[in-house]
Amino acid sequence: MTSPLIRGRPRRAASQISVRVAHALVGGIAGVVWLVLPWMTINHDVPVPATRAAPSAPSAAAAQRDETSATDLVLPLVAVAVVGALAGYAYVRHARRIRTRALTRTSPDGAVAPAGAAAGPLSEDDERARAALVEADDCVRTSREELGFAEAQCGADAVEPFALAVRDAGAELAAAFRMRQQYDDGVPEDETSRRHALAGIVGRCREAGRRLDAEAPAFDLLRAPARGGPDTALEPAETRFRELTGRTAAAETTLADATGRYGPAATAAVTGHVEQAKDRLVFATVRFNQARQRGDMGDGAGAAIHLRAAEGATAQAAVLVTCVERLAADLTAAAELVPAALTGAEAELAAARTSDSALPSGELHALGAHADLVLAAVRNEVTAGPYDPLDALRKITEALAPVATGRAGALPAGALLAARSAVALADGFVAAHRGALGSVARTRLAEAQRLLTTDPPDPQAAATLAGQALALAERDVRLYGNPIAGAAEHASGAAGAVVGGILLGGGPDGGPPASFGGPRTRARRVTPPGAHS
């Protein structure tokens, strides 16, 4: 894969290098010719009759010829030295220009700033990298959602090339998020390297978008209504919608039961999810009706636009409902695991106190005392009830982490359960509110997901980062506010669709729907005239 720094180099750089090399070669050849020329002419004089002279005394003419030959040799040598110096100077100057171009800022559309332009503030590159991450993450998430509907319509074999494109784009995006997390952690430190890191992030994001953009035209052909009429795509999407409507009603009951059993704090992360899922379903209902109307009128393009918006809303409603269902299941599993985790923690603590520990005795005593307090507090919570079992597991594993040595049993299992639950909650919130989110929450989430896949995984760090991601995402949504002021748009669910990134904004109706593809193609489906009349 081409380095983003190499991709960012001006195209005329290669020609400038070749011109300089040609200049140096011409100068060198001229110097060599000048040096060789005297020997080429020294033996081609017209013969002159020799005069007899004394063998022991050289003639004045011979001496003059020797002096002339020496002079002829000195001048070419000087010329060669000058040419060499000029070539060396040109090389050093070229190397400096190459380093300067490596720092040249890249514009959002991929163009490179003029070679003579000075690099701007690092904050500008930082903002460019943040925007690229947000855009690439939105594209990958949207493409993955629509891919599921395409598979239901056309089958797994038909969508395999597009699934590969989504996987490739996701890999590029994951690498970009990893670079961004390291950047936020202060690695690298010097400004030049940090500028290079930001350029690398932008390059990775562009490659992810390019991969999706390349497949967008073929994807449209796959999903074209002509493949089987407008109902070919509508029927599987509406079937999924009807199933989700039943799940949403059940999720409301599930959430109420979990809140009553474990307390409001245990279910706070999904408070409002059911209401938002219903809002997305209202929006989907409106768009499904419009898609069917357009199809009946023979307007396949208009039907595709409304169908895509309905599919996006259905997918996000499913994400919100799944978050409620998963949290309830995780709370039940955690409640069953807490007693064993408490017993395992006390055994680990006792073993640490009696064995040879690498920790100083004073530090071990302090950590043990803190762990005793945490375990006692958790036992009191369990006895008093209701309590948050997932939070209890996090407290136990965090308190025992500095002194625990076991890698099997209830403690590691509890840590993984709590971390996976936290990551799933954060991912669901980001997916359903991505239209209002910046890059920081997404970066923390991506790093949390990565830490769960390492060998061995780091559940405590993953849970911490997931908690940060959720808090940052909730803050972004509060700051984003109301994207559409009209009451009618709220009643139709359009405002929630903009917050969710289903609609791309930019109009009173919320703008066009986001579709499979990268930055250049994701908004290719525009709302036809009179679609909302």
Side-chain angles (χ1 to χ4, degrees), residues 141-142 144-145 148 240-285 310-334 386 388-391 417-418 420-437 441-442 444-445 448-449 463 466-483 490-503:
R141 288 180 180 274
T142 299
R144 190 177 291 129
E145 286 176 357
R240 185 172 175 180
F241 169 84
R242 287 189 292 270
E243 293 173 350
L244 186 58
T245 301
R247 283 178 58 196
T248 303
E252 191 168 17
T253 302
T254 300
L255 179 59
D257 291 344
T259 303
R261 181 179 301 178
Y262 303 112
T267 58
V270 295
T271 299
H273 276 37
V274 174
E275 288 72 18
Q276 292 179 54
K278 292 179 179 179
D279 183 72
R280 302 294 195 276
L281 292 177
V282 169
F283 177 81
T285 301
E311 289 174 341
T314 303
Q316 284 198 8
V319 168
L320 293 164
V321 169
T322 300
C323 284
V324 174
E325 295 170 341
R326 173 160 185 165
L327 178 59
D330 288 344
L331 287 170
T332 301
D388 182 351
L390 288 168
D391 184 59
L417 174 61
R420 287 170 179 162
S421 181
V423 170
L425 286 173
D427 184 58
F429 190 91
V430 169
H433 301 84
R434 58 180 178 266
L437 304 186
R442 302 169 193 250
R444 301 297 176 268
L445 172 61
Q449 293 170 328
Q468 294 175 5
L470 182 58
L472 290 166
E474 291 173 340
R475 182 202 64 182
D476 286 349
V477 172
R478 289 193 299 270
L479 293 175
Y480 189 75
N482 181 8
H490 279 275
S492 66
V498 173
V499 171
I502 300 166
L503 300 179

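One-based numbering along the sequence shown.
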From CG (L445) to CG (L472), nearest 0.5 Å: 11.0 Å

In Å, rounded to the nearest 0.5 Å, how long is the span from OG1 of T332 to CG of L327? 9.0 Å

With sequence neighbours left out, which residue pairs that include part of residues 240-273 fulfil the ring-ring contact (aromatic ring centres under 6.0 Å, His included) condition? F241-F288

Over all atoms of both residues, closest heavy-atom pair of [X] and [Y]:
X	Y	value
A317	A277	CB-O, 3.8 Å
L425	C323	CD2-O, 4.2 Å
P483	A495	CG-O, 3.6 Å
D279	G493	OD1-CA, 3.6 Å
L437	A473	CD2-O, 3.4 Å
G263	P386	N-CB, 3.9 Å

In sequence, state the C-alpha distance, the side-chain angles, and the governing distance for Q316 and Q276, and then conclude on side-chain contact (heavy atoms from CB on, under 4.5 Å). CA-CA 9 Å; Q316 284 198 8; Q276 292 179 54; over 6 Å; no

Residues that R280 engages under salt bridge (Lys or Arg N to Asp or Glu O under 4.0 Å), provided they are two or more places apart: none

Treating S421 as the side-chain partner and L417 as the backbone partner, does any N or O pair qualify as donor plus acceptor under 3.5 Å? no

How would you list, by chain and number, every residue that makes a side chain to side chain donor-acceptor pair (under 3.5 Å) with [X], sequence neighbours excluded?
X	result
R240	none
D391	K395
Q468	none
R326	D330

I need the full list of salt bridge (Lys or Arg N to Asp or Glu O under 4.0 Å) pairs touching residues 259-271, with sequence neighbours left out, sorted by first then second residue. none

Here the salt bridge (Lys or Arg N to Asp or Glu O under 4.0 Å) pairs for residues 422-432, sequence neighbours left out, are R141-D427

With sequence neighbours left out, what residues match [X] under side chain to side chain contact (heavy atoms under 4.5 Å, CB included)?
X	value
E474	F429, L470, R478
A497	F283, I502, L503
A318	L244

Would you check if [X] and [Y] make a side-chain contact, meaning some heavy-atom pair closer than 4.5 Å?
X	Y	value
T267	L331	yes
T142	R434	yes
V282	S492	no
V274	L320	no
T254	E325	no

